[in-house]
Amino acid sequence: MSKRALTILVLSLATVLSASLPFGAFADESQIRLEPYKNFEKDWKLVTVRFRKDTGELRFTYANPVAWKHMTARLAGKTKDPYPKGAVFAKTGIATGEDASFPSSAVPGGVRRFQLMIRDEKKFAHTDGWGYALYTEDGKMAPGDAKQAALACAACHKIVPERDFVFSVPMAGLAPKSSLLSLPASKNWSFRDMEAKALPGNVSQHLPVGSQSVRVLEGEITRHVFEGTLDEVRPLLSREASRAGKPAMLLSQDAKRFSLVFAKPEAGKSLIKDAKPCAPGEAIFLAVAGAVDGGEQAVKDTVKVLQFCYKGE
Ligand code: HEC
């Protein structure tokens with residue numbers, strides 16, 4: 001056998017091997033460090049800012065030069081190619097606090113967490129070519145199974161395949177509003193009716209009294225649900241609950257976690273003493289999320305209830 005033929009044989013063997021290995025072989029999300037990108041707020045382009053009314057969190061999304069160049073070219077219709085290797089998006093979530101000297105204007109109250117999306121089609125083929133990682137305030141990898149978290153991140157980002165799984169679009173210029181709320185109906189998710197009594201474990205006990213059925217989210221997103229999903233999915237559920245006039249929920253496919261949103265019965269009455277009233281046109285909504293009990297006890301987190309004001313579309 002010639003030397004060249006041997007090289008080809010070795011190369012194809014490597015390809016066969018890598019294809020048959022489980023996807024973790026070349027990508028270990030727990031190894032994605034924030035360190036190389038730590039100056040992103042100074043050095044990269046600020047793509048957009050978001051504010052989550054329900055959690056009071058400000059979000060800033062930045063693009064590195066490779067990601068920014070490609071994003072603007074895509075939006076200008078100059079290319080439909082996927083993002084190139086080396087494109088990175090970083091996002092910070094910052095809690096807001098009150099400015100004592102001017103309470104109606106909220107101020108950033110410290111960094112809460114960081115998220116990264118790193119493009120490498122081969123390494124992260126199992127999550128649509130993006131490596132996802134989440135960090136705590138001190139820049140350390142968030143606790144928990146990094147691979148499972150990445151699958152959960154990708155499951156939600158699958159909502160926007162036409163944008164190559166990137167939600168954000170630049171604040172000014174070419175872009176339409178970027179929002180889960182303004183997304184056109186996507187093939188990746190839909191809602192269907194489910195009878196309240198068919199819900200597993202204790203879930204139906206969280207529904208408003210007299211609820212016959214709920215709108216249940218279907219799609220890839222229900223396959224990989226981590227704690228963050230329960231929170232991130234709330235805007236989508238709020239919109240559906242408001243549109244359908246009944247509770248909307250995400251139930252993970254393994255029936256271990258749920259996130260539920262509905263307009264509060266006796267709409268005027270706040271659960272929170274001395275809460276600020278909702279603005280005109282808004283209603284009080286409740287979000288209940290956590291572990292389904294009665295099933296396997298693998299997920300140990302508790303059920304959290306949140307009240308917020310929501311204005312339907
Ligand atoms: C349930 C949906 C959902 C989940 C789960 C989710 N994201 Fe996102 N992500 C969004 C939405 C919506 C945006 C844009 C709006 C915003 O920033 O609030 C976004 C924006 C981002 C951005 C900025 C680039 C972009 O796509 O706009 C990064 C980086 C990011 N997410 C990383 C992550 C990581 C890492 C995880 C998992 C730890 C994760 N996301 C989980 C919905 C989700």
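Both ligands and their constituent atoms are indexed starting at 1 by order of listing. Excluded from the calculations below are hydrogen atoms, water molecules and symmetry mates; all remaining heavy atoms, backbone and side chain alike, are included.
- Contacts of Val47 with ligand 1, taken as heavy-atom pairs under 4.0 Å, are absent altogether.
- Ring orientation note: the planes of Phe89 and Trp130 are tilted relative to one another, at an angle of 30° to 60°.
- Which of Lys158, Glu232, Lys91 comes nearest to atom 16 (C) of ligand 1 through a heavy atom is settled by distance: it is Lys91.
- Coordination check, His157 versus atom 8 (Fe) of ligand 1: passed, since an N/O/S atom of the residue sits under 2.8 Å.
- Of the possible donor and acceptor atoms, none in the side chain of Asp120 sits under 3.5 Å from a partner among the backbone N and O of Gly131.
- For ligand 1, the polar-atom distance check against Phe167 finds a nitrogen or oxygen pair separated by under 3.5 Å.
- If you look at Arg50 next to ligand 1, the close heavy atoms, those under 4.0 Å, all belong to the side chain.
- Here's the thing with Ser168: one of its N/O atoms is less than 3.5 angstrom from an N/O atom of ligand 1.
- Distance alone, capped at 3.5 Å, places no donor-acceptor pair between the Asp99 side chain and the Ser105 backbone.
- Thr72 places a side-chain N or O within 3.5 Å of a backbone atom of Trp68 that can act as its donor or acceptor partner.
- Using a 4.5 Å heavy-atom cutoff, the side chains of Val288 and Phe258 are in contact.
- Residue contact check: Ala152 has heavy atoms under 4.0 Å from atoms 5 (C) of ligand 1.
- Checked by atom type and distance alone, the side chain of Thr61 never pairs as donor or acceptor with a backbone atom of Thr48 at under 3.5 Å.
- Contact atoms of ligand 1 toward Val166: 25 (C), 26 (O) (distance under 4.0 Å to a heavy atom of the residue).
- Near Ala133, meaning under 4.0 Å from one of its heavy atoms, ligand 1 places the atoms 35 (C).
- Distance alone, capped at 3.5 Å, places no donor-acceptor pair between the His224 side chain and the Ala150 backbone.
- Near Arg59, with a cut-off below 4.0 Å to any heavy atom, the atoms of ligand 1 are 16 (C), 18 (O).
- For the pair Arg257 (side chain) and Thr229 (backbone), a donor-acceptor distance under 3.5 Å is absent.
- Of the options Ala63, Cys153, Ala90, the smallest heavy-atom separation from atom 41 (C) of ligand 1 is shown by Cys153.
- Contacts of Thr61 with ligand 1, taken as heavy-atom pairs under 4.0 Å, involve the side chain alone.
- In this structure, of Ala149, Ser259, Cys156, the residue bringing a heavy atom nearest to atom 3 (C) of ligand 1 is Cys156.
- Residues Phe262 and Met249 have side chains not in contact (no heavy-atom distance under 4.5 Å, counting atoms from C-beta outward).
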